[in-house]
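Data first, discussion second: the structure below is written as structure tokens.
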Amino acid sequence: MIQRPRGTRDFGPKEMHRRRTVEQAMRAACARAGFGEVMTPTFEHADLFTLRSGQAVIDEMYAFRDKGDREMALRPEITASVIRFYVNEMSNLPKPLKLYYLGNCFRYENPQSGRFREFFQLGAELIGSKNPESDAEIIALAVNCVKASGLKDYVVRVGHIGILKSLVQAEIDDKKAAAEVLRMIDKEDFDAIGDMFDARAIPRKLFDRILAIAETRGGSEVLERLDKSEASDYLREIFVNLKLHGIDDCQVDLGIVRGLDYYTGMVFEIDAPCLGAEKQIMGGGSYTLSELFGGEPVFSTGFAIGIDRVMLALFKEQPEDEYSLVDAYVIPAKDDMREHAISMVAGLRSAGIRADVDLMRRSMSKNLKYASAIGARYAIIVGSKEMAEQSVTLRDMLSGDQRIIAIEQISEEITKLL
RNA sequence: GCCGGGGUGGGGUAAUGGUAUCCUUGGGGACUGUGGAUCCCUUGACCCGGGUUCAAUUCCCGGUCCCGGCCCCA
């Protein structure tokens, strides 16, 4: 037997229904904010991804050489593709350009809870605006998407990479060392930073300042404690705007650095605490396209939500999911009623009712059992006695109550009951 | 890439160095239109490969997959 590849999943009808419901809710949230959906290829030239990210991303990329001897890769994320699309064909469109996407991504990683080799992301990019209200708009959209999914317990943390970055880069001349410090801040490995500072004879005072900033966390009031700077003013403006958007549960977290170094300003994350190790369900921030492709500077801000993790968190919050595929199941009482049953189900379907009919020529009793097993809300029993009066029996599968209804009224009646 | 814990019918389980229990589900029949019942029949499993052994589902090794953790990320 052929097994499903490691780190991939099959989704059954019930799970797909729940996923599609969540996806549609998020799509609707994006559309309400004026974002248009785009779709890009599942695979791209490997360069697209290797150019902007480091070795770590390359190592876990599904890369391959195609029959034309081109280096290709399954996309490990979608932002790069959207940016490529923008640079290729959309750079002359009116700004700001607001795009969103939903698709599968691939990373060759070791699977664990909330981590798969094929996973799904919904993301949005706001291209061409560098003002705090744009960042606030993107944060608000990300939060609204998570809210739309139905998730109750989540934590939004917003930071600004410029605050730490400018401090570290101003005080440490060695670029590599500065990058290393930022990486250690991201990992919250402050001991390592202390060791490094001692080894390089960097003043302890700077370490204390870095530590103080990196540990600045809490409500928006902690922003008042920050030294005045371009970045801290910017962050304050973002929080003012978030409040205007009705988003007032965001935390400040200046310790967010994020691994990828193309982020330049605002950075933010959303966690679902119930998920444990892989609790981050969203990551985002602002960046400039110019740093990725060497073109004209275009300021952008965006985010990506891990749909799979959102689904996992939703399932933890609400495990049971009442859902059936069929509202009405049509049962012929006897074999000579099968044709009537089939025309009956066709009529129900064209009236927009999710209806099914016995295809296995089962007995009445087995059919009732089947109707119950698939969770049909109503059974319609087509028998010769009722048929003589152009009627059928409508049975409520929850209560067991049943009554005779004229055939011409059945669709209307069921629509009314549902 | 690394580190733990696991793989028995579709799902859940029991036992065992001599190929397997029970429940559930699926299919069929009885029941000749309400028995969503009851009864009967039936399909269906020891992850893969190698080793030890007369004999391996069981013991050993390797692989693989699942679950969880590290790294990193969604």
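Residue numbers start from 1 in every chain, and the chains themselves are labelled A, B, ... in the order their sequence lines are given, proteins ahead of strands. Here the structure is a predicted model, which is why all the values come from computation and not from measurement.
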Is there a Watson-Crick or G-U wobble partner for [N] with both distances under 3.5 Å, and if so, which one is it?
| N | result |
| --- | --- |
| B:rC46 | none |
| B:rG1 | B:rC70 |
| B:rC39 | B:rG29 |

Ion pair A:Glu44/A:Arg84, N-O distance below 4.0 Å: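 The answer is yes: the pair qualifies as a salt bridge.
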Check ion pair A:Arg349-A:Asp356 (N to O, under 4.0 angstrom):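 The answer is yes: the pair qualifies as a salt bridge.
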Report the distance from atom [atom1] of [X] to atom [atom2] of [N], rounded to the nearest whole Å.
| X | N | atom1 | atom2 | answer |
| --- | --- | --- | --- | --- |
| A:Phe120 | B:rA74 | CZ | P | 17 Å |
| A:Arg338 | B:rG33 | CZ | P | 12 Å |
| A:Asn367 | B:rG29 | CG | P | 12 Å |
| A:Met337 | B:rU34 | CE | P | 16 Å |
| A:Gln3 | B:rG63 | CD | P | 18 Å |
| A:Ile381 | B:rG33 | CD1 | P | 12 Å |
| A:Lys366 | B:rG35 | NZ | C1' | 11 Å |
| A:Arg117 | B:rC66 | CZ | P | 8 Å |

By the 4.0 Å heavy-atom rule, please label [X] as base, sugar-phosphate, or nothing.
| X | value |
| --- | --- |
| A:Asp336 | nothing |
| A:Glu118 | nothing |
| A:Ser363 | nothing |
| A:Gly375 | nothing |
| A:Ile305 | nothing |

Residues forming a salt bridge (Lys or Arg N to Asp or Glu O under 4.0 Å) with A:Arg20, sequence neighbours excluded: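 By the salt bridge (Lys or Arg N to Asp or Glu O under 4.0 Å) rule, A:Arg20 matches A:Glu23.
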Partner residues of A:Asp47 under the salt bridge (Lys or Arg N to Asp or Glu O under 4.0 Å) criterion, sequence neighbours left out: none
[atom1] gap between [N] and [M], integer Å:
| N | M | atom1 | result |
| --- | --- | --- | --- |
| B:rC23 | B:rG50 | C1' | 36 Å |
| B:rG49 | B:rG12 | P | 23 Å |
| B:rC46 | B:rU38 | P | 31 Å |
| B:rU43 | B:rA37 | P | 23 Å |
| B:rU19 | B:rG5 | C1' | 27 Å |
| B:rU42 | B:rC47 | P | 26 Å |
| B:rU52 | B:rU16 | P | 26 Å |
| B:rG17 | B:rA55 | C1' | 7 Å |

Side-chain donor/acceptor of A:Thr216 to backbone N/O of A:Ala214, under 3.5 Å: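 Not a single qualifying donor-acceptor pair exists.
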Six-ring centre of A:Phe120, A:Arg19 cation under 6.0 angstrom, axis tolerance 45°: yes
Row check, A:Phe116 ring normal vs A:Arg9 NZ/CZ: under 6.0 Å, within 45°: yes
No-H, no-angle donor-acceptor pair, A:Gln402 side chain to B:rU34 base, under 3.5 Å: yes
Base of B:rC66 paired with side chain of A:Arg9 (donor-acceptor, under 3.5 Å):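 A donor-acceptor contact between them is absent.
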Contact list (N/O, under 3.5 angstrom) for nucleotides 67-70 of chain B vs protein:
{"residue": "B:rG68", "atom": "OP1", "partner": "A:Ser113", "partner atom": "OG", "Å": "3.2"}
{"residue": "B:rG68", "atom": "OP2", "partner": "A:Ser113", "partner atom": "N", "Å": "3.0"}
{"residue": "B:rG69", "atom": "N7", "partner": "A:Gln112", "partner atom": "OE1", "Å": "3.3"}
{"residue": "B:rC70", "atom": "N4", "partner": "A:Gln112", "partner atom": "OE1", "Å": "3.3"}

Under 3.5 Å between N/O atoms: give me all the protein pairs with nucleotides 25-27 of chain B, atom names plus distance.
{"residue": "B:rG27", "atom": "OP1", "partner": "A:Arg362", "partner atom": "NH1", "Å": "3.1"}

All pairs passing ring-ring contact (aromatic ring centres under 6.0 Å, His included) where residues 389-414 of chain A contributes a residue, at least two apart: none
ring-ring contact (aromatic ring centres under 6.0 Å, His included) contacts in which one or both residues fall within residues 23-47 of chain A, not counting sequence neighbours: none
Name every donor-acceptor pair, under 3.5 Å, that has one atom in a side chain of residues 405-413 of chain A and the other anywhere in the protein, sequence neighbours excluded.
{"residue": "A:Glu413", "atom": "OE2", "partner": "A:Arg403", "partner atom": "NH2", "Å": "2.8"}

Which one, [options], comes nearest to the side chain of [X]?
| X | options | answer |
| --- | --- | --- |
| A:Ser372 | B:rU34, B:rA74, B:rG36 | B:rG36 |
| A:Ala333 | B:rC66, B:rG33, B:rG36 | B:rG33 |
| A:Glu386 | B:rU34, B:rA74, B:rG33 | B:rG33 |

Non-neighbouring partners of A:Asp401 that pass side-chain hydrogen bond (donor to acceptor under 3.5 Å, both in side chains), sequence neighbours left out: A:Ser399
Earlier contact from the 5' end, RNA chain B, for A:Glu109 and A:Arg395: A:Arg395
Partner residues of A:Glu133 under the side chain to side chain contact (heavy atoms under 4.5 Å, CB included) criterion, sequence neighbours left out: A:Asn131, A:Asn241
Partners passing side chain to side chain contact (heavy atoms under 4.5 Å, CB included) against A:Tyr154 (at least two apart in sequence or in another chain):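 Counting only residues at least two positions away or on another chain, A:Tyr154 forms a side chain to side chain contact (heavy atoms under 4.5 Å, CB included) with A:Val143, A:Val146, A:Lys147, A:Leu151, A:Val156, A:Asp249, A:Ile270.
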Can you pull every protein N or O that's under 3.5 Å from an N or O on nucleotides 5-7 of chain B?
none

Contact list for residues 336-348 of chain A, test side chain to side chain donor-acceptor pair (under 3.5 Å), sequence neighbours left out: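 Sorted pair list: A:Asp335-A:Arg338, A:Arg338-A:Asp358.
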